[in-house]
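Note that this is a predicted model, so its numbers are computed, not measured.
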Amino acid sequence: MSLLSDLINLNLSDSTEKIIAEYIWIGGSGLDIRSKARTLSGPVSDPAKLPKWNYDGSSTGQAPGEDSEVILYPQAIFRDPFRRGNNILVICDAYTPAGEPIPTNKRCDAAKIFSHPDVVSEKPWYGLEQEYTLLQKDVKWPLGWPIGGYPGPQGPYYCGIGVEKAFGRDIVDAHYKACLYAGINISGINGEVMPGQWEFQVGPSVGISAGDELWAARYILERITEVAGVVLSFDPKPIQGDWNGAGAHTNYSTESMRNEGGYEIIKKAIEKLGLRHKEHIAAYGEGNERRLTGRHETADINTFKWGVANRGASIRVGRDTEKEGKGYFEDRRPASNMDPYVVTSMIAETTILWKP
């Protein structure tokens, strides 16, 4: 009798041209990821050639029971690291049958901003630093922590190695390789300051692709933790007290910032971000007030400040950017549970399109 793993790892191309497409979308909470699969007649590489599909929005908190059909529009394709072969993952956004984006579809508005000629001409680049926490399944306590107790204080865990400092590395490395296989522009990983907490980086990615790639990477990570029997948390402050929270620092530049004289453009952009600080904070993730306290490498949520190499600032400019007079800056305010479509497009809208 075949083992279950043998069947899971069957190479479909040995017997059929058909492929499996996993349609992925964001559920009603704005953070829950949903997916379902369908069979296609052959390989597809262009999202425009994929069929639209539908799902029961009343079961995801996105439609009433008496009118529950929601339509999925395929937007981005990645290779499937779980089924492999020609099988694919499909990032979708959601619409009513009449073609209107549903309220939780944040990608549609982001795409409008990124397609604006003034934004297109600036070629906005993003590097997204996604922090997350791995939790023990039955007790919802960080991986590697004694149940009901605490590990030693922070210090040895950031980028640490060793059985008492790094917890969950097998999950992290599996995710890293799976993202590379999928075609996601994942640029690195590291252990974070709080034990049981890790980070991966996506980018540099241009425009709307940054959001597509981060959501695909989140999906893959949650699938891997499902297999490993570990809970994935994007809570911005999973453990209260003297422990670092989890953010999604967003590195950003435009073509003008990357060219000669770019430092002056950067300073003007940061000034505009400061003028809209409250609006950005409101859109930068739920529970962020528990993280942005002015401690643990954060600025206070009610205060906007920027600085060179200052990890306690709202906006950090790197030493290299200051020295070279051009480059990028880092918005340190977004929470780990932010929607990358919202954050990336809002930064572009404020710095490129908005006129104070």
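Between D242 and R295 a salt bridge is recorded (basic side-chain N to carboxylate O distance below 4.0 Å). Classification of D300 and K305 as a salt-bridged pair fails, no side-chain N sitting under 4.0 Å from a carboxylate O. With respect to the salt-bridge test (charged N to carboxylate O, under 4.0 angstrom), the residues K267 and E264 qualify.
The number of heavy atoms from other shown groups lying within 6.0 Å of CD (E17) does not exceed 12. When the shell of 6.0 Å around CD of E286 is examined, it contains 12 or fewer heavy atoms from other residues, nucleotides or ligands. In the displayed structure, E279 atom CD is contacted under 6.0 Å by more than 12 heavy atoms of other residues, nucleotides or ligands. Around the CD atom of E322, the shell of radius 6.0 Å holds more than 12 heavy atoms that belong to other residues, nucleotides or ligands. Other residues, nucleotides and ligands place no more than 12 heavy atoms under 6.0 Å from the NZ atom of K18. In this structure, Y158 places its OH atom where only 12 or fewer heavy-atom neighbours from other residues, nucleotides or ligands lie under 6.0 Å away.
Taking the ring centroids of Y150 and W141, they lie under the 6.0 Å cut-off. A ring-centre distance under 6.0 Å is found for W243 and W145.
Scanning both residues, I220 and A178, for their nearest heavy atoms gives CG2-CB, 3.7 Å. In plain terms, the two heavy atoms of A37 and R83 that are nearest each other are CB-NH2, 3.9 Å.
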Yes or no on side-chain hydrogen bond (donor to acceptor under 3.5 Å, both in side chains) for Q75 and D212, after CA distance, side-chain angles and deciding distance? CA-CA 8 Å; Q75 300 291 359; D212 290 338; over 6 Å; no

Decide side-chain hydrogen bond (donor to acceptor under 3.5 Å, both in side chains) for N244 and E192; before the verdict, give the C-alpha distance in whole Å, the side-chain angles of both, and the deciding distance to 0.1 Å. CA-CA 9 Å; N244 273 37; E192 266 306 327; 5.3 Å; no

Checking side chain to side chain contact (heavy atoms under 4.5 Å, CB included) for the pair R332/T298: CA distance, chi angles, key distance, verdict? CA-CA 7 Å; R332 297 181 58 81; T298 70; over 6 Å; no

The test is side chain to side chain contact (heavy atoms under 4.5 Å, CB included); show your working for Y263 and E324 and say whether it passes. CA-CA 8 Å; Y263 196 40; E324 296 176 12; over 6 Å; no

Would you sort out whether S336 and Y132 count as a side chain to side chain contact (heavy atoms under 4.5 Å, CB included), showing the intermediate values? CA-CA 7 Å; S336 51; Y132 61 93; over 6 Å; no

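In terms of hydrophobic clustering, with Ile, Leu, Val, Met, Phe, Trp and Tyr side chains grouped at heavy-atom distances under 4.5 Å, F82 and Y181 are assigned to different clusters. Using a 4.5 Å cut-off between side-chain heavy atoms of Ile, Leu, Val, Met, Phe, Trp and Tyr, with links allowed through other members, V172 and V231 fall into different hydrophobic clusters. Taking hydrophobic clusters as Ile, Leu, Val, Met, Phe, Trp and Tyr residues chained together by side-chain heavy-atom distances below 4.5 Å, I91 shares a cluster with F234. Transitive grouping of hydrophobic side chains (ILVMFWY, heavy atoms separated by less than 4.5 Å) keeps W306 and L292 in distinct clusters. Linking Ile, Leu, Val, Met, Phe, Trp and Tyr whenever their side-chain heavy atoms come within less than 4.5 Å leaves Y252 and V206 in two separate clusters.
Distance alone, capped at 3.5 Å, is enough to place a donor-acceptor pair between the R291 side chain and the R333 backbone. Between the side chain of E122 and the backbone N or O of S256 there is at least one donor-acceptor pair closer than 3.5 Å. No donor-acceptor pair under 3.5 Å is formed between the side chain of T350 and the backbone N or O of I347. Judged purely by atom type and a 3.5 angstrom limit, S187 has no side-chain atom pairing as donor or acceptor with the backbone of N185.
Under the 4.5 Å side-chain criterion, counting only non-hydrogen atoms from C-beta, I189 is not in contact with W198. You'll find the side chain of Y55 stays beyond 4.5 Å of the side chain of Y23, heavy atoms only. Considering only heavy atoms from C-beta on, K278 stays 4.5 Å or farther from F304 through its side chain. A 4.5 Å side-chain heavy-atom check between E349 and W354 finds at least one atom pair inside the cut-off. Using a 4.5 Å heavy-atom cutoff, the side chains of V90 and V44 are not in contact. Looking at Q130 and V202, their side chains never come closer than 4.5 Å, going by heavy atoms from C-beta outward. Contact of the H249 side chain with the E131 side chain is registered, since non-hydrogen atoms from C-beta on lie closer than 4.5 Å. Side-chain contact between L89 and I24: present, with at least one pair of heavy atoms (C-beta onward) separated by less than 4.5 Å.
Relative ring orientation between Y126 and F114 is described as perpendicular, the plane-to-plane angle rising above 60° on a 0-90° scale split at 30° and 60°.
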